[in-house]
Amino acid sequence: MYLITVFGNLLIILAVSSDSHLHTPMYFFLSNLSFADICFISTTIPKMLWNIQTHSKGMTYEGCIIQMQFFLLFGGLDVLLLTVMAYDRYVAICHPLHYMVIMSPQLCGLVVLSSYIVSFLYSLLQSLMVVQLSFCTNNEIPHFFCETSQVALLACSDTFICDMVMYFAGALVGGGSFTCLLYSYSQIVSSVCGISSAQGKYKALSTCASHLSVLSLFYCSALGVYTASADTHSSHSSAITSVMYTVVTPMLNPFIYSLRNNDIKGALKILFTKETIKEIIDLVLKNCC
């Protein structure tokens with residue numbers, strides 16, 4: 001599943017970068033989302049596979065903190081990029097004539113850069129809060145990765161300030177993103193309802209179908225993880241929802257976008273054709289030599 005996820009998201013990045021028709025804001029954000037998904041799954045799964053191979057469940061304190069920071073970094077980046085993509089769809093549907101003016105290359109680059117900076121600061125703040133806590137030896141968490149709330153529960157020292165800061169930062173990033181999502185899609189629904197023809201409504205909504213699918217999958221699985229984490233007696237369900245959140249969601253994203261998007265499918269066909277021709281030429285040259 002890890003290789004499928006990495007390969008699928010790499011194909012999306014290659015398809016967008018190789019096809020000039022896909023050099024638009026929507027696909028620019030999509031390629032960054034694919035990159036974030038590759039990094040997101042790479043923070044947890046390689047370590048899990050190594051533990052399975054070596055029959056070990058251990059991780060050092062330093063390794064746990066590093067994994068936690070990168071997990072929060074790319075998890076937060078996913079949230080922010082999905083929010084930016086919702087705004088992109090809002091501008092495309094509600095202000096189509098001004099789309100290329102509003103979503104200029106400068107703005108797109110600035111928004112993506114800001115997403116990286118905010119995600120980094122968010123992960124750094126959360127990690128610093130955990131570092132200040134005191135822990136006893138040989139702790140165990142009901143996850144296959146170091147999840148912030150579960151790690152904080154194991155602390156021997158008082159976690160009140162740490163909890164308040166982490167919840168406030170999470171509410172600020174998550175709540176702010178969710179508010180922007182609701183606003184964008186409320187405006188999209190309002191705009192679509194104003195379209196008279198059924199074909200026009202279908203065309204407008206079809207441009208949001210892939211994003212809505214990914215959005216629903218991501219937020220439902222994330223909600224499941226943190227709901228299950230709140231129940232300390234439900235380690236089995238917590239582990240299942242964690243797998244959905246960290247493995248299944250990044251794996252399905254390329255399939256959702258490629259299967260429902262003719263532009264991506266066309267770019268992938270061209271990409272495979274170019275690679276196939278190149279391989280044939282290389283093979284012929286090797287045989288001639």
Side-chain angles (χ1 to χ4, degrees), residues 25 28-44 64-91 107-133 143 145-153 159-187 211-212 214-230 238 241-242 244-246 249-250 253:
F28 173 68
F29 297 138
L30 177 58
S31 61
N32 277 277
L33 180 66
S34 294
F35 171 75
D37 280 339
I38 292 173
C39 296
F40 181 63
I41 195 174
S42 296
T43 60
T44 56
C64 183
I65 296 299
I66 291 171
Q67 185 187 65
M68 187 191 307
Q69 180 166 1
F70 280 104
F71 179 82
L72 291 169
L73 169 63
F74 295 111
L77 186 59
D78 265 350
V79 171
L80 294 174
L81 287 174
L82 287 170
T83 305
V84 170
M85 293 171 76
Y87 176 74
D88 173 75
R89 293 299 83 204
Y90 155 70
V91 176
L107 178 65
C108 293
L110 181 61
V111 166
V112 170
L113 178 62
S114 300
S115 298
Y116 277 90
I117 293 173
V118 171
S119 299
F120 173 75
L121 293 176
Y122 170 71
S123 65
L124 183 62
L125 176 63
Q126 297 271 28
S127 300
L128 287 175
M129 288 295 103
V130 175
V131 167
Q132 293 179 2
L133 300 176
H143 277 292
F145 67 96
C146 292
E147 200 271 319
T148 314
S149 60
Q150 292 292 332
V151 173
L153 287 173
T159 62
F160 177 76
I161 296 177
C162 176
D163 290 338
M164 289 299 101
V165 172
M166 288 195 297
Y167 287 141
F168 176 76
L172 191 64
V173 175
S177 298
F178 192 67
T179 301
C180 293
L181 286 171
L182 288 179
Y183 174 78
S184 296
Y185 273 103
S186 64
Q187 294 299 309
H211 181 257
L212 274 174
V214 171
L215 203 60
S216 302
L217 186 63
F218 181 86
Y219 271 96
C220 288
S221 58
L223 183 63
V225 168
Y226 291 103
T227 302
S229 296
S238 179
T241 51
S242 296
M244 282 290 297
Y245 179 52
T246 59
T249 302
N253 286 356

Given the rule in the side chain to side chain contact (heavy atoms under 4.5 Å, CB included) test, do Tyr183 and Tyr90 qualify, once you have shown the distances and angles that lead to the verdict? CA-CA 9 Å; Tyr183 174 78; Tyr90 155 70; 4.0 Å; yes
Please report the C-alpha distance between Ile65 and Val130 in whole Å, then the side-chain angles of each, then the deciding distance to 0.1 Å, and finally whether the side chain to side chain contact (heavy atoms under 4.5 Å, CB included) criterion is met. CA-CA 8 Å; Ile65 296 299; Val130 175; 3.8 Å; yes
Apply side chain to side chain contact (heavy atoms under 4.5 Å, CB included) to residues Leu33 and Phe29 and explain how you reach the verdict. CA-CA 6 Å; Leu33 180 66; Phe29 297 138; over 6 Å; no
Walk me through it: do Phe28 and Val112 pass the test side chain to side chain contact (heavy atoms under 4.5 Å, CB included)? CA-CA 9 Å; Phe28 173 68; Val112 170; 3.4 Å; yes
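The two residues Leu133 and Met129 have their closest heavy-atom pair at CG-O, 3.6 Å. Closest non-hydrogen pair, Ser177 versus Val173, comes out as OG-O, 2.8 Å.
A 4.5 Å side-chain heavy-atom check between Ser42 and Ile38 finds at least one atom pair inside the cut-off. In this structure, the side chains of Leu125 and Met166 stay at 4.5 Å or more apart for every pair of heavy atoms. Residues Phe74 and Asp37 form no side-chain contact, since every pair of their non-hydrogen atoms from C-beta on lies 4.5 Å or further apart. A 4.5 Å side-chain heavy-atom check between Leu77 and Leu81 finds at least one atom pair inside the cut-off.
Looking at residues two or more places apart in sequence or on another chain, you find no ring-ring contact (aromatic ring centres under 6.0 Å, His included) involving Phe35. For Ser186, there are no side chain to side chain donor-acceptor pair (under 3.5 Å) partners at least two apart in sequence or on another chain. Residues forming a ring-ring contact (aromatic ring centres under 6.0 Å, His included) with Phe178 (at least two apart in sequence, or on another chain): Tyr219. Partners of Thr159 under the side chain to side chain donor-acceptor pair (under 3.5 Å) rule, at least two apart in sequence or in another chain, are Asp163.
Within a 6.0 Å sphere centred on CD1 of Ile161, other residues, nucleotides and ligands contribute 12 heavy atoms or fewer.
Between the side chain of His211 and the backbone N or O of Leu82, at least one donor-acceptor pair lies under 3.5 Å. Judged purely by atom type and a 3.5 angstrom limit, Ser127 has no side-chain atom pairing as donor or acceptor with the backbone of Leu124. Judged by distance alone, with hydrogens and angles left aside, the side-chain atoms of Ser184 form no donor-acceptor pair with the main-chain N or O of Leu181 at under 3.5 Å.
The distance from the CD1 atom of Ile117 to the CG atom of Leu110 is 8.5 Å, given to the nearest 0.5 Å. To the nearest 0.5 angstrom, Met68 atom CE is 13.5 Å from Leu73 atom CG.
Pairs of residues two or more places apart, or lying in two chains, that qualify as side-chain hydrogen bond (donor to acceptor under 3.5 Å, both in side chains) and include a residue from residues 76-89 are Asp88-Tyr99. A side-chain hydrogen bond (donor to acceptor under 3.5 Å, both in side chains) check over residues 116-126, counting only residues at least two apart or in different chains, returns the pairs Asn32-Tyr116, Tyr122-Gln126.
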